[in-house]
Number of protein chains: 2
Amino acid sequence: MAQVRPMRADARRNYERLLRVAVEAFAEHGEGASLDDIAKRAGVGSGTLYRHFPTRHALLEAAYLDRIEALAARADALAAELPPGEALLEWLHELGTGMIRMRGLRALLGPAVTEGGSAAATACGDCVRNAAGRLVRAAQEEGTLRPDVEPMDVLRLAHGVATASELADGQGRHIRRYLALLTEGLRPRDADAGS
Amino acid sequence: MAQVRPMRADARRNYERLLRVAVEAFAEHGEGASLDDIAKRAGVGSGTLYRHFPTRHALLEAAYLDRIEALAARADALAAELPPGEALLEWLHELGTGMIRMRGLRALLGPAVTEGGSAAATACGDCVRNAAGRLVRAAQEEGTLRPDVEPMDVLRLAHGVATASELADGQGRHIRRYLALLTEGLRPRDADAGS
DNA sequence: ACCTGAACACCGTTCAAGT
DNA sequence: ACCTGAACACCGTTCAAGT
């Protein structure tokens, strides 16, 4: 709650430059983008980067924070205009698409869905988990989502669908279909087996 | 078919040492294991490693070739003792478990399920795709697998399930459950919606 | 024919020196 | 209080020199 001490003018300028460059770099080279290169492109010494963002993860988190908040807000918007089941499905599609388009996002969201999560109780993790929680609960009350799955399960499976979809074509063209397969199941719904 | 020229004795010894060490190293450090370290642990110069395995991928492939062949053989064994649907499910479980336990395997099998696959028409890729093809076709004829999914889809989704499962706990404890969710679907089978 | 290891380029991270 | 950039450790890859 206490206002953090405001940064010195040059520090703030460097901080913002680093973030802007980092977003570009992660988009270009994925989560493994060279930190040294980011510092150079931002026109600061490498030490400055480490001062502001002690770990790669901290930089990823700061770089994508607004996208993640937008995603969480999107969950509520979808919940307001669609039936719960469809809202969840559509949100998972946007989440998956985002994780493929913004390659750093996947690496960032990964730790947020691990079991212990002790070290990963990050702000953005909570943000996504809460959004998923609301959509999941609503769909379960509606009866269009199995009652025995938890928000974390759904998030992990969305992660998996994004992985499967990116494997397919390096982009996300199969994501909608794979989400449908996950929703409906690989086993035929009507039991008309036989020739 | 023509027998490749037999390696010189020292070359063959180095080749085998490198493979043995590589399997250990990939298990220990994942697909990113240091190649230099592998060479050192095998007691050879780094140049020797590159002579035998020009790319990391070549080394991964050679290191895991026998496991992949075993996996393919396992597909037929399962097909012989179980109904097609169950055989497919069980095989996917073993495949997924393998991709989590032997961390290099996932990186190796990834390119084998991409669309173009031009550069990835590797021997071990064919091996896995063929095995999956047989199981998928049989299950579809039995009527326990949707007719509109292809072997590649199933392999990619297995990849995704392994990813989701590893995210969960760093091991594969959720894999069976996630495979079941994929098979049955996230939507309840019986439409008893409502309170 | 094959091996070795020095050499080069690159990256992450730290920290003494500067302002 | 913050920044810089040299310094160190590490890794991948190549290649001239050796056997």
Side-chain angles (χ1 to χ4, degrees), chain A residues 2-64 103-104 107-108 110-111 119, chain B residues 2-64 103-104 107-108 110-111 119:
Chain A
Q3 168 110 342
V4 291
R5 172 153 19 118
M7 279 191 244
R8 225 169 64 179
D10 55 346
R12 159 151 292 275
R13 205 187 44 225
N14 285 338
Y15 182 90
E16 277 159 6
R17 265 197 204 153
L18 280 167
L19 270 192
R20 207 175 45 239
V21 171
V23 171
E24 285 174 32
F26 287 136
E28 214 171 313
H29 305 290
E31 53 154 333
S34 160
L35 297 185
D36 199 58
D37 184 57
I38 289 175
K40 232 165 230 138
R41 278 209 260 171
V44 305
S46 49
T48 303
L49 187 152
Y50 284 94
R51 156 171 284 269
H52 287 297
F53 310 102
T55 67
R56 168 179 243 100
H57 196 266
L59 181 57
L60 271 172
E61 184 159 342
Y64 286 115
R103 302 170 57 185
L108 178 56
Chain B
Q3 169 111 343
V4 291
R5 171 154 20 116
M7 280 190 242
R8 224 168 63 177
D10 56 345
R12 159 150 293 275
R13 206 188 43 225
N14 285 337
Y15 182 91
E16 276 159 8
R17 265 197 206 153
L18 280 167
L19 269 191
R20 207 175 45 238
V21 171
V23 170
E24 285 173 32
F26 287 136
E28 215 171 313
H29 305 289
E31 54 154 332
S34 159
L35 298 185
D36 199 57
D37 183 58
I38 290 174
K40 233 165 231 139
R41 277 208 261 170
V44 306
S46 48
T48 303
L49 188 153
Y50 285 94
R51 157 171 284 268
H52 286 297
F53 311 102
T55 67
R56 178 187 294 282
H57 196 266
L59 180 57
L60 272 173
E61 184 158 345
Y64 286 114
R103 302 169 60 186
L108 178 57

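A, B, ... follow the sequence lines: proteins, then strands. Residue 1 opens every chain.
Per the geometry, CG belonging to A/Leu18 stands 14 Å off P belonging to C/dG12, to the nearest Å. Nucleotide D/dA9 holds its P atom 17 Å from the CG atom of B/Asp37, rounded to whole Å. Distance A/Asn14 CG to D/dC2 P: 11 Å, rounded to the nearest Å. With rounding to whole Å, A/His52 atom NE2 is found 16 Å from C/dT14 atom P. What separates OH of A/Tyr50 from P of D/dG5 is a distance of 16 Å, to the nearest Å. Atom CZ of A/Arg12 and atom P of D/dC3 are 12 Å apart (whole Å). A/Leu49 places its CG atom 12 Å from the P atom of C/dT14, with the value rounded to the nearest Å.
Nearest to the side-chain atoms of A/Asp10 among the listed nucleotides C/dT13, C/dG5, D/dC3 stands D/dC3. Of the listed nucleotides (D/dT13, D/dC2, C/dC2), D/dC2 has the atom at the smallest distance from the side chain of A/Arg8. Residue B/Thr48 places its side chain closer to C/dT4 than to any other of C/dT4, C/dG5, D/dT4. Picking from D/dC3, C/dG12, C/dC3 the nucleotide with the shortest atom distance to the side chain of A/Asp36 gives C/dG12. If you check D/dG12, D/dC2, C/dC3 against the side chain of B/Arg51, the one that comes closest is C/dC3. If you check D/dT13, D/dC2, D/dC11 against the side chain of B/Leu35, the one that comes closest is D/dT13.
Just one of B/Arg20, B/Arg13, B/Arg12 meets the salt bridge (charged side-chain N to carboxylate O under 4.0 Å, His left out) condition when paired with B/Glu16; it is B/Arg12.
Across all strands shown, C/dC10 forms no Watson-Crick or G-U wobble pair with both key distances under 3.5 Å.
Separating the CZ atom in A/Arg41 from the OG atom in A/Ser34 is a distance of 9.0 Å, to the nearest 0.5 Å.
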